[in-house]
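Here the structure comes first, spelled out in structure tokens, and everything after it is commentary.
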Amino acid sequence: ASAAGDNVGPDQEQLSVSGRVPYLCQIGGASTTREAFDMGVLVDVSTGYLKRNMTAPDRIIDDTWCNAPSQIEIRAVELAPQNATAQLREGFAGAVHFTAAASGWSETPASFRTDGASEQSSSIQTAPQPRVTSITISLTDFRMRDGASLRPVASRSYLGAVIVTLRPTP
């Protein structure tokens, strides 16, 4: 019991609430379509040489984000004939090379040449702040490694790839 005149009142305690958010990056949201680059027929059918000025429509990867500073990296694999069994003869080549670029994420686009070195300084670019934006992937400069005087070997299917990596750099 309390003595007469003692003040009895509410008591209070403050408790901290804490949590954390890890460094995260995501390439494309649920609405982003992951369409392939369909190049169609790669050669001029009257000559058999690689088409000149071949272009591919850009692919846009929407709703891409990182909650920290980040690096974008692009790599690519040349278009190579699938299931081609003929041995290459003089005047023919087995791969179509190109340059892949990722723009919109960093101030300078990241780019990769399929006939370049396996490590290319231009393939990695940095974004110094967290961001949410779209990334545009483009393919340009289609070419034969040893020049325009070579013809791609016949194959009903040529297959290559473009790989985009986004990583936080806290």
Donor on one side chain, acceptor on other, W105 and S70, under 3.5 Å: yes
Under a plain distance cut-off of 3.5 Å, with no hydrogens placed, do T136 and D58 share a side-chain donor-acceptor pair? no
Check step by step if side chain to side chain contact (heavy atoms under 4.5 Å, CB included) holds for Q71 and Q125. CA-CA 6 Å; Q71 283 184 334; Q125 298 296 328; over 6 Å; no
Kindly work out whether a path of hydrophobic side-chain contacts (I/L/V/M/F/W/Y, heavy atoms less than 4.5 Å apart) joins [X] to [Y].
X    : Y   : result
I61  : W65 : no
I74  : M39 : yes
Y158 : F37 : yes

Please list, chain by chain and in numerical order, all residues satisfying salt bridge (charged side-chain N to carboxylate O under 4.0 Å, His left out) with D44, sequence neighbours excluded. none
Quick one: are M144 and P152 in side-chain contact, heavy atoms under 4.5 Å? yes
How about V43 and R151: do any of their side-chain heavy atoms sit closer than 4.5 Å? no
What's the shortest heavy-atom distance between T64 and G28, and which atoms? OG1-N, 3.0 Å
All side-chain contact (heavy atoms from CB on, under 4.5 Å) counterparts of A80, not counting sequence neighbours: Q82
Does E78 come within less than 4.0 Å of R113, counting only side-chain N to carboxylate O? no
Start with the C-alpha gap between N83 and S155, add the side-chain angles, then the distance that decides, and say whether side chain to side chain contact (heavy atoms under 4.5 Å, CB included) holds. CA-CA 7 Å; N83 304 318; S155 177; 5.6 Å; no
Using atom types as modelled and distance alone, determine if a side-chain donor or acceptor of R59 lies under 3.5 Å from a backbone N or O of A36. yes
Within the side chain of K51, is there an N or O that forms a donor-acceptor pair under 3.5 Å with the backbone of F142? no
Walk me through it: do I135 and I60 pass the test side chain to side chain contact (heavy atoms under 4.5 Å, CB included)? CA-CA 6 Å; I135 297 173; I60 297 174; over 6 Å; no
Walk me through whether L50 and V96 qualify under side chain to side chain contact (heavy atoms under 4.5 Å, CB included). CA-CA 8 Å; L50 188 65; V96 175; 3.9 Å; yes
